[in-house]
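When a ligand or atom number is given, it counts from 1 through the structure's own listing order. Small disclaimer: the values here were computed from a predicted structure and weren't measured.
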Amino acid sequence: MRIYMIFTLALCLFLPFGCKNPSQVADYTIQKSIIAKNAVVSTAHPLASEIGLQVVKDGGNAIDAAIAVQFALAVVYPVAGNIGGGGFLTYRSGDGKISVCLDFREKAPAKAHRDMYLDAEGNVLSGKSTDGHLAAGVPGSVDGCWQMFQKYSKLKNWKRLLEPAVLLAENGFCITQSEADGLNEYRAGFVKNNTTPCVFVKKDTLAKWKKGDLLQQKDLAVTLRAIRDRGRDGFYKGKVATLLAAEMKRGGGLINEEDLANYQAIWREPLRGNYRGHEIISMPPPSSGGIALFQLLGMVEPFDFGHYGFHSPEHIHLFVEAERRVYADRAKHLGDADFYQVPVHELLDSQYILRRFSNFDPSKATPSSAIEAGVFARKESPQTTHFSIVDTKGNAAAVTTTLNAGYGSMTVVGGAGFLLNNEMDDFSAKPGVPNLYGALGGEANAIQAGKRPLSSMTPTIVTKDGQLYMVLGTPGGTTIITSVFQVLTNVVDFKMSMTEATHAPRFHSQWSPDEVYLEKNAASAETREKLKKMGHKVAGWPEIGQFESIMRRKDGKLEGVADKRAKDDSVSGY
Ligand code: DON
């Protein structure tokens, strides 16, 4: 086993940051990259990665590990890990006989309706779809884990999978600098959006969170115990459901006990396509991820861009022009296919994809207004989380899960201790009005009772010659799709290792606004100038994505990577 980069936080090793109880000492070793023979777990938090790996070492498979990781992240990574949100799984068994997706996306409550975020004049009420009770969709994560367990668990020991999360919530854990920063940044939001005192705000109102502080979540521990002991019913029925419904009543939200009892995660047929001899397996609607990824790959495949030079003006121009067309399609045609007739077949038709790109001009940007118009508003820092797992049998799980924005709606269910999502903002509140990610939508993604909001989450598995090759995914709102597109093509076309492909700088464009966002170091000054001359509007973006990836190398070993962009993301393996 070789470790490329190790950042040892040694958080409480010498107890310098105020941890009081040595039994809660967490010596966080952050590994950004690993080569392992047997199994790899890459997540947004070192404790979650270790918990997942231990499950595999104890004889669990990738699904068992995914369940344990999902619950652990709900405790140690409250900014995005969750039981009050939702997500998607893409799973492939090591022998290739099973390839499935699980949709545990949140649903609009039964009382939700199309104009629920509009005032009497038809204008969008600012903040209603993002902050507080009304922003929450019916959570799907617990039923998602329960369904995964019923169908594919090897350990068949639900309690074992929940126990690490219960202990972390009950006994507490030492927070990292990033988590302390997050909790301090969102303090005002927690105060504003809660009807009972919440554990994320220190009792001493002026005190700030510091690295190494112990975060204990006693209410959450009670909820997790209920789930541990009663499975999905521990969350969707009984005390927890009653507390959630009461919280909604107090705060003017819509979710009631019936919404909870009725929630069902749905197994879906994955989208499968080919790119330069690789099979890509990805998420269908209600995610836009799979369709958009296949369209992007289809548009650029005829071009030998691997020889253009990485992030040369020609490479960036080609990708941006494809993205412009694909995101215009996303805004118009994509939504929950159970409620709106999404033309999946037509959008993925190879002739359509080629035709759509036939007016590509290699020397000039097509203004987005020539395709369709839109406006952009990027308001706050969003959060989601992705984890990738490969077990000893080559079974692979790619899971992207979210509360939507950082700490979701910032609303904790009183007495039950978990944060609720603000996924309702992923619907189109009104045609032409952008959501948190600047995404536009219309009829296809209008709010309707029981409907799932359109997502960009793209948990993806790639195979080659019938063997597992890559496990990919990231948070990042609408940038998720273009990040997966880039990491995949970095490996296939630019022949990078997974470590290089994941850490390489990224760029993003999404038709509306008509801009190209470049990470620092994503393009030289000369390339930026050339792009401007071609007619592109170029802007900076601090960091795009938080990618967790795994690749099976030619020698059969697994290369696991945790994005260096985020301090705490860490990969474990053996
Ligand atoms: O489902 C979606 O596409 C969004 N709710 C994801 C949000 C996200 O990735 C925020 N992350 N940084």
Side-chain angles (χ1 to χ4, degrees), residues 43-44 73 77-82 84-90 101-108 129-130 135-141 144 178 182 185-186 282-293 327 330-331 334-336 378-387 398-410 419-429 434-441 445 451-460 472-484 506 508 510 517 519 541-548 563 565-566 568-569:
T43 83
L73 285 173
Y77 194 60
V79 66
N82 66 81
F88 301 128
L89 156 84
T90 299
C101 286
L102 181 64
D103 163 4
F104 52 99
R105 182 76 162 160
E106 300 90 329
K107 279 170 65 168
S129 66
T130 54
V138 185
S141 293
S178 307
E185 188 189 332
Y186 283 79
S282 197
M283 195 66 212
S287 180
S288 59
I291 290 180
L293 178 65
Y327 277 83
R330 180 191 188 281
L334 295 189
D336 181 350
R378 190 149 34 101
K379 284 192 285 188
E380 59 180 272
S381 119
Q383 266 303 343
T384 290
T385 191
H386 175 86
F387 50 93
V399 177
T400 316
T401 176
T402 187
L403 291 165
N404 195 24
Y407 304 98
S409 61
M410 294 171 279
L419 279 158
L420 286 166
N421 66 83
N422 61 350
E423 221 69 60
M424 292 294 285
D425 187 67
D426 271 347
F427 279 118
S428 169
N435 72 2
L436 264 181
Y437 308 99
L440 297 177
N445 193 29
K451 188 174 174 183
R452 284 150 150 92
L454 182 64
S455 173
S456 298
M457 296 190 286
T458 315
T460 297
L472 306 172
T474 179
T478 43
T479 70
I480 292 173
I481 301 162
T482 55
S483 294
V484 173
R506 290 194 270 271
H508 172 74
Q510 60 176 41
Y517 299 103
E519 277 188 331
W541 190 311
E543 277 175 346
I544 299 176
Q546 218 177 309
F547 218 93
E548 322 294 8
D563 206 320
R565 288 169 179 79
D568 300 343
D569 296 30

Give the atom numbers and elements of ligand 1 that come within less than 4.0 Å of a heavy atom of [X].
X	answer
Pro475	9 (O), 11 (N), 12 (N)
Ile480	9 (O)
Gln383	10 (C), 11 (N), 12 (N)
Ser456	1 (O), 2 (C), 3 (O)

Inspect the contact between Asp336 and Arg105 and indicate whether a charged nitrogen and a carboxylate oxygen are less than 4.0 angstrom apart.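 Result for this pair is no, no salt bridge flagged.
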Check for me whether Gln546 has a heavy atom closer than 4.0 Å to any atom of ligand 1.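 Distance cut 4.0 Å: Gln546 fails for ligand 1.
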Are any non-hydrogen side-chain atoms of [X] and [Y] less than 4.5 angstrom apart?
X	Y	answer
Gln510	Thr482	no
Phe387	Val399	yes
Phe427	Asn435	no

At a non-hydrogen distance cut-off of under 4.0 Å, which region of [X] contacts ligand 1 (side chain, backbone, both, or neither)?
X	result
Asp426	side chain
Thr478	neither
Arg105	side chain

Without hydrogens or angle criteria, can the side chains of Tyr437 and Asn404 be said to hold a donor-acceptor pair below 3.5 Å?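 On atom types as modelled, these side chains qualify, holding a pair under 3.5 Å.
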Does a donor on one side chain and an acceptor on the other come within less than 3.5 Å for Ser141 and Asn82?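 The criterion, which ignores hydrogens and geometry beyond distance, is satisfied for Asn82 and Ser141.
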N/O separation below 3.5 Å, Gly476 to ligand 1: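 Yes, at least one N or O pair falls under 3.5 Å.
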Using heavy-atom distances only, which candidate in Thr402, Ile544, Thr384 approaches atom 7 (C) of ligand 1 most closely?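 Among Thr402, Ile544, Thr384, the closest heavy atom to atom 7 (C) of ligand 1 comes from Thr384.
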Roughly how far, to the nearest 0.5 Å, is the CG atom of Leu334 from the OH atom of Tyr327?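 Those atoms lie 11.0 Å apart.
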